[in-house]
**Student:** 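Sharing a structure here in structure tokens format.
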4 protein chains.
Amino acid sequence: MNEPERAPAWHIAQWFNTPAPISLEAQRGKVVVACAFQMLCPGCVSHAIPQLKALHELFAPQGVCVVGLHTVFEHHEAVTASVLEAFLHEYGIRCPVGIDAPARDGRPIPQTMAAYRMQGTPTFLLIDRQGRLRRQVFGLVPELRFGAEVMQLLMEPASATRKGPMS
Amino acid sequence: MNEPERAPAWHIAQWFNTPAPISLEAQRGKVVVACAFQMLCPGCVSHAIPQLKALHELFAPQGVCVVGLHTVFEHHEAVTASVLEAFLHEYGIRCPVGIDAPARDGRPIPQTMAAYRMQGTPTFLLIDRQGRLRRQVFGLVPELRFGAEVMQLLMEPASATRKGPMS
Amino acid sequence: MNEPERAPAWHIAQWFNTPAPISLEAQRGKVVVACAFQMLCPGCVSHAIPQLKALHELFAPQGVCVVGLHTVFEHHEAVTASVLEAFLHEYGIRCPVGIDAPARDGRPIPQTMAAYRMQGTPTFLLIDRQGRLRRQVFGLVPELRFGAEVMQLLMEPASATRKGPMS
Amino acid sequence: MNEPERAPAWHIAQWFNTPAPISLEAQRGKVVVACAFQMLCPGCVSHAIPQLKALHELFAPQGVCVVGLHTVFEHHEAVTASVLEAFLHEYGIRCPVGIDAPARDGRPIPQTMAAYRMQGTPTFLLIDRQGRLRRQVFGLVPELRFGAEVMQLLMEPASATRKGPMS
């Protein structure tokens, strides 16, 4: 495998469930798990959202930064910040969720989604303590494997060059 | 069991997936199945919507009128007609769906929901060929039983006094 | 559709959960639902057995004869009557279950399975009040449809020539 | 948490899917995951067996010893080695499976099950590289957590005194 790349910065228009904006740069030293989703994407709602919630519940107490990124690329006018807020409330999503900033040139793909060249939603990102993008998955990661991968990053020292069995 | 009551009229602000409004009165002679739901109700999305779609697919070709009623009683400002339209598109809901008309007095419960004294969403309604409300269920009906109940109403003559084994 | 054929007689080596053997001939006038399964067939265990139990629970009180047929065509020596009995106990199967009689010529396919030319397990049989085989399905029937089909047969008069919407 | 105890030895009457018996002692230096199950236990079949298979598929290539233990405590005469062998074949279980040796005194609980004081089936065991029983769970472990726990043990050095975040 090639050397993993540095994870691109996030561009967020508005945050929910956090007292202050979350900059990816400021998470250096922490493992970061992000789930890019859309509230009107059926596969996100039925599978990725429950997984995001389970990841947050299990790993946030261990110091992992678990966030949702609302990467809207369809139905822009209909999917307002206020309906997203109601959605987060009704689905009991307690982790920080950021609205991916709309493209400056009016294109449908928002900025963070474009920076990571995501193919669609849901997309999961795993970022290690050194800020490197270790995994990007369009679709779902089987839970057994996902748990193993997060734990592997968690057990790597912050300045590690050593890589675990799944790297 | 007491004699079933006549099903109250529906009060609909806007219809989707139908060329003309659907009046319950005009369905006399037909079996009617309705699912009252909210697009931000997790149990509706995971269970009732798939059931509504399956009911429509199986029974509409047999002449049953299968409709959704969007009975919003929370987050009124956030849940606009335009986000519901996007939701219907993304979830592939092809049956007619009506937006239950907001209460005239500013209360949260919309008019049809109030007329049927629904306890919440999802609520399923089964109405026979004579316009009588034969079943109203808050929550889900097991599919085997639901299929049996709709078929029973379907096999009753339009002017029947005979009742089937499940009445 | 062609005129449905008379359902072939069953050949049963041993019955469980019934005080006396069940002859198909003696069920004339009743609707009969049978599920042919094997206790070591994963699809039977995960899907057909729960459906058999649900059918029994819903329709036996309405006079439908719901039975299981253990149509073993593999691992004959291993799958004894005594392990089947333990299986029925552990899975809480309360409806009558008959062991399909082994072929007389030593072939693997047991007699009833051969008479119906079943392709494998699970196979569901629906037999009407006149003893006619109205449906034979290898695999599963969606529950909504299954409920509707049983109810249709149930609402047909015993001597009916009238056929319902799904025939 | 107290110091974890040394995992008791296994007492196995017969092995499947392995060229030679597997002694727990000989696994020292390896992480060991075991699933105690019964082939007639519905919860084992529907949930624990799929998890055992997923654990084997994900972690065996990383050097984890993943095994099944058939801990029969009911229906002893019915559940023969030959019907278990047919079960393993039909369910596609490829990992080593050992039949827990029957109690010498004729009691229903087999020897390994008794040595670990298991409460029932399924029971999962996690044993670290030093042969210490780090976790014993009656029932199921959520997959995300299970993956994390196995990876944690996998990343601990064989002679580690360091413990990871979940110990």
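Residue numbering restarts at 1 for every chain, and letters A, B, ... go by the order of the sequence lines. Just so you know, these numbers come straight off a predicted model, no measurement behind them.
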**Student:** Heavy atoms under 4.5 Å from chain D: which residues of residues 41-50 of chain A carry them?
**Tutor:**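 Result: none.
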**Student:** Would the number of heavy atoms belonging to other residues, nucleotides or ligands and lying under 6.0 Å from CD of D:Q27 be above 12?
**Tutor:** yes
**Student:** Just wondering, more than 12 heavy atoms not from D:E5 lying within 6.0 Å of its CD?
**Tutor:**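 Count not over threshold, so no.
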**Student:** Could you tell me which non-hydrogen atom of A:M155 sits nearest to which non-hydrogen atom of D:Q152, and how far apart they are?
**Tutor:**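 So the minimum-distance heavy-atom pair works out to SD-CA, 3.4 Å.
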**Student:** Find the distance between CD (D:E143) and CZ (A:R145) and round it off to the nearest 0.5 Å.
**Tutor:** 13.5 Å
**Student:** Taking all heavy atoms of A:L55 and all of D:L144, pick out the closest pair and write down the distance.
**Tutor:** N-CD2, 3.6 Å
**Student:** Enumerate the ring pair (Phe, Tyr, Trp, His ring centres under 6.0 Å) contacts for residues 62-87 of chain D, please, sequence neighbours excluded, ordered by first and then second residue.
**Tutor:** C:H89-D:H75, D:F37-D:H70, D:F87-D:Y91
**Student:** Take a 6.0 Å sphere around CD of A:E90 and say whether it holds more than 12 heavy atoms from other residues, nucleotides or ligands.
**Tutor:**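 More than 12 within 6.0 Å, yes.
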**Student:** Can you name the side chain to side chain donor-acceptor pair (under 3.5 Å) partners of A:Y116, sequence neighbours left out?
**Tutor:**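 Per chain and number, A:Y116 pairs via side chain to side chain donor-acceptor pair (under 3.5 Å) with A:W10.
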**Student:** Can you confirm whether A:R28 is buried at CZ, in the sense that more than 12 heavy atoms of other residues, nucleotides or ligands lie under 6.0 Å from that atom?
**Tutor:**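 Buried by this count: over 12 neighbours within 6.0 Å.
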**Student:** Please identify each residue that fulfils salt bridge (Lys or Arg N to Asp or Glu O under 4.0 Å) with D:D128, with sequence neighbours left out.
**Tutor:**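 So D:D128 forms a salt bridge (Lys or Arg N to Asp or Glu O under 4.0 Å) with D:R132, D:R134.
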